[in-house]
Number of protein chains: 2
Amino acid sequence: MDEIDRKLVRLLQDDAGRSYASLGQAVGLSGAAAHERVRKLRERGVIRRTTVDVDPAELGRPVTAYVLVDGSTWMGDTAERLRDIPAIEEAHVIAGPASLLLKVRTATTRDLQRVLRQVFEVEGVTSTQTVVVLETFFERPSDPEL
Amino acid sequence: MDEIDRKLVRLLQDDAGRSYASLGQAVGLSGAAAHERVRKLRERGVIRRTTVDVDPAELGRPVTAYVLVDGSTWMGDTAERLRDIPAIEEAHVIAGPASLLLKVRTATTRDLQRVLRQVFEVEGVTSTQTVVVLETFFERPSDPEL
DNA sequence: AGCTTCCTGTCGATCTCATCCACGGCCAGA
DNA sequence: TCTGGCCGTGGATGAGATCGACAGGAAGCT
């Protein structure tokens, strides 16, 4: 995981469709060598997969919110129950003012309300506090610079 | 933006490297037709770019935190100042208990502390409250269903 | 030092796949 | 019925991914 690897990751984050030839040229390697490095980055799990970045608003989900969830019991398999709710994009266990933090995207605030009801129906949930996003400055991938 | 488009987006989110032929087969179209649809999805901005999904932990940033930021004045060009801090992955203006919500990834909690100091140095910031992530259940892309 | 092994790179051949073009069917409106 | 726009198909072609064989260099061992 040297400087070249980091550069490769950064270039691929920007455009995963680039040819290996141009990739190699950009980092001062042959195309095949660049290909080999990328292959290993995948193998090691640094690169999980190649995907497309979609605009949630264009998909009809302009509403973003973060939800702080408090629970009474220890929520064992809560993860799976939350995963079943498609509007939830992220779910974290946190240290601080609540037990869980969720990131939610919906089409309308009405839909957001419905999602909150679904969250409430998950066993162990006692209360939620919702933070609505008014404007997103930016959302970007992890910077590979160590 | 019909059912086929949504299916294409979902397939590409899972693996953007698929051949257009197999893509077409999966949705009951020819490769060329699938290609044309994807081209238009890009043109319309539904698909912003093709990228790689990297594991932040493998990149040496296992610490994730959310930071609630409060500010006194109206923070006009705060966005650019925050963008200059590489550890900040997301920045949102929110309605609720604070003005801004940031998502931060660092190598250590010590680095997190340094980022917080940098945030404090941004003009207008009066206080921060940090929520540290203990465990991430999941982080996934937007579901293209409706 | 001499040898082995592993890692990383180059070069060239092959074969898949993206890309482009011409054509055909379908539908709405005049 | 005619016409134009839209959306699809199928085929040709050229670019590029992919694979194998080989070379140089570093590290470890006898």
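It should be emphasised that the depicted structure is a prediction, and the values quoted were computed from it without experimental measurement. Lettering follows sequence order; numbering is per chain, from 1.
Contacts classified as salt bridge (Lys or Arg N to Asp or Glu O under 4.0 Å) and involving residues 129-140 of chain A (residues at least two apart or in different chains) are given here: A:K103-A:E139, A:R105-A:E139. Within the structure, ring pair (Phe, Tyr, Trp, His ring centres under 6.0 Å) pairs that include any residue of residues 99-130 of chain A do not occur (at least two apart or interchain). Counting only residues at least two apart or in different chains, ring pair (Phe, Tyr, Trp, His ring centres under 6.0 Å) contacts with residues 8-61 of chain B comprise B:Y20-B:H35.
For A:E121, there are no side-chain hydrogen bond (donor to acceptor under 3.5 Å, both in side chains) partners two or more places apart in sequence or in a different chain. Under the rule for a side-chain hydrogen bond (donor to acceptor under 3.5 Å, both in side chains), the partners of B:D70 that lie at least two apart in sequence or sit in another chain are B:S99. Residues forming a side-chain hydrogen bond (donor to acceptor under 3.5 Å, both in side chains) with B:R81 (at least two apart in sequence, or on another chain): none. Scored by the salt bridge (Lys or Arg N to Asp or Glu O under 4.0 Å) test, B:R37 finds B:D2, B:D5 as partners (sequence neighbours excluded). Partners of A:H92 according to the side-chain hydrogen bond (donor to acceptor under 3.5 Å, both in side chains) rule, which considers only residues two or more places apart in sequence or in another chain, are A:E90, B:Y66, B:T136.
The interatomic distance linking A:D2 (CG) with D:dA26 (C1') rounds to 15 Å, in whole Å.
The bend of the helix from C:dA1-D:dT30 to C:dA30-D:dT1, defined by the angle between the axes of its first five and last five pairs, stands at 30° to the nearest 10°.
On the nucleic acid side, DNA chain C has its first and last nucleotide under 4.0 Å of a heavy atom of chain A at C:dT8 to C:dC11, going 5' to 3'.
Without hydrogens or angle criteria, B:S30 side chain to B:A33 main chain gives a donor-acceptor distance under 3.5 Å. Remark: the backbone N or O of A:D111 is paired with a side-chain donor or acceptor of A:T108 at under 3.5 angstrom.
Ion pair A:E43/A:R39 flagged as a salt bridge, since at least one NZ, NE, NH1 or NH2 atom sits closer than 4.0 Å to an Asp/Glu carboxylate oxygen.
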Letter by letter from the 5' end, nucleotides 8-13 of chain D scores (B base, S sugar-phosphate only, - none; protein heavy atoms under 4.0 Å) SSB---

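For residues 14-26 of chain B, proximity to DNA chain D is found at no residue, defined as any non-hydrogen atom under 4.0 angstrom from a strand atom.
Hydrophobic clustering places B:L82 together with B:V69 (ILVMFWY residues linked when any side-chain heavy atoms are closer than 4.5 Å, directly or through intermediates).
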